[in-house]
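Structure first, then comments.
Lettering follows sequence order; numbering is per chain, from 1.
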Amino acid sequence: DAKTTQPNSMESNEEEPVHLPCNHSTISGTDYIHWYRQLPSQGPEYVIHGLTSNVNNRMASLAIAEDRKSSTLILHRATLRDAAVYYCIRFNYGQNFVFGPGTRLSVLP
Amino acid sequence: ETGVTQSPTHLIKTRGQQVTLRCSSQSGHNTVSWYQQALGQGPQFIFQHYTEDENRRGNWPPRFSGLQFPNYSSELNVNALELDDSALYLCASSPWRVSSYNEQFFGPGTRLTVL
C-alpha cells in the first residue's frame, strides 16, 4: 500500500518548469512527504522532503497543500538529465519506506 | 566521500540455489535497508539493520535474511531461489535510524536473474 497516488507519466519540454503532483489524502499529522527520483539504470536518489511548509533546495521545490492532502514537486527548469521516475512517499519514523510506481517524467529537447 | 556500492552488478542463478548480495555503506552510516525492485515497479522494502541488528522487516519469507557488519558492509542472503526473485536488489544507507528527517543513500543495485 503506497498510500500516495501519482500520475503514471508526464512530459515536459526542456528548460520549462515541471509540476509533479502527488495525492496523499489519508496523511496523518506527523507524516512527512519525501520525494525520490530514479534515473535510468541507477538507484533512487533523494530529492526533497517536507512536513507542512513549502521547501526549497538546489534540486527542486516542494509545495504542500494547506490541508496536506496533496503536494507538488516543482522542477524550475527541466533538463534532459531530469528524465526519471519520481516517487512521492508518505513516511513517518517507525514505519517502512513504501514506494509506489511513481511518475515517469520524459523531458523533450 | 565514497557512495554506496553493491556487488556484483549482475548475477544469474538457477531455481533452488542460494545467493549472497553485498553492499558497502557510506562511512558513518549505521543503518542499512534492502529493497527489491521488480521491472516497472517501485522498490519494495525488505528489511533494515541498525548497528548490526535487524530492527524492521517487511512482509517477506524467512528465506530472505541479512547481516550487517561493523565495517559498514552488509549482505542480503536469499535461499531456495524462485523465478519471482528475479529483480533489482537495492541497498540504502543512512547515518542513523531512518527517521522522518533523514535521507537514504542508495547504491546502484544488483540485477539478479533466476532461471
Checklist entry - Within residues 37-44 of chain B, which positions have a heavy-atom distance to chain A below 4.5 Å? => result B:Q37, B:Q41, B:G42, B:P43, B:Q44
Checklist entry - Is there a donor-acceptor contact under 3.5 Å linking the side chains of B:N30 and B:T51? => result no
Checklist entry - Are the aromatic rings of A:F91 and A:H49 close, with centres under 6.0 Å apart? => result no
Checklist entry - So do B:Q104 and A:F97 actually touch side chain to side chain, heavy atoms under 4.5 Å? => result yes
Next on the checklist: Ignoring hydrogens and geometry beyond distance, is a side-chain donor-acceptor pair present between B:H10 and B:T110 at under 3.5 Å?
Outcome noted: no
Checklist entry - Quick one: are the ring centres of B:Y72 and B:H29 less than 6.0 Å apart? => result no
Item to check | Contact residues of residues 60-70 of chain B (partner chain A; heavy-atom separation under 4.5 angstrom) | outcome: none
Item to check | Side-chain H-bond candidate by donor/acceptor type, B:T20 with B:Q18, under 3.5 Å | outcome: yes
Item to check | Contact origin within B:F47 toward chain A - heavy atom pairs under 4.5 Å | outcome: neither
Next on the checklist: Is it true that A:Q6 and A:Y86 share a donor-acceptor pair across their side chains at a distance under 3.5 Å?
Outcome noted: no
Item to check | Flag for B:H49-B:T31: side-chain donor and acceptor within less than 3.5 Å | outcome: no
Checklist entry - Taking everything shown except A:R104 itself, do over 12 heavy atoms lie less than 6.0 Å from its CZ? => result no
Next on the checklist: Could you check, using the six-membered ring where one of them is a Trp, whether A:F99 and A:Y87 have ring centers closer than 6.0 angstrom?
Outcome noted: yes
Checklist entry - Which region of B:R111, side chain (C-beta onward) or backbone (N, CA, C, O), has a non-hydrogen atom less than 4.5 Å from a non-hydrogen atom of chain A, or is it both or neither? => result neither
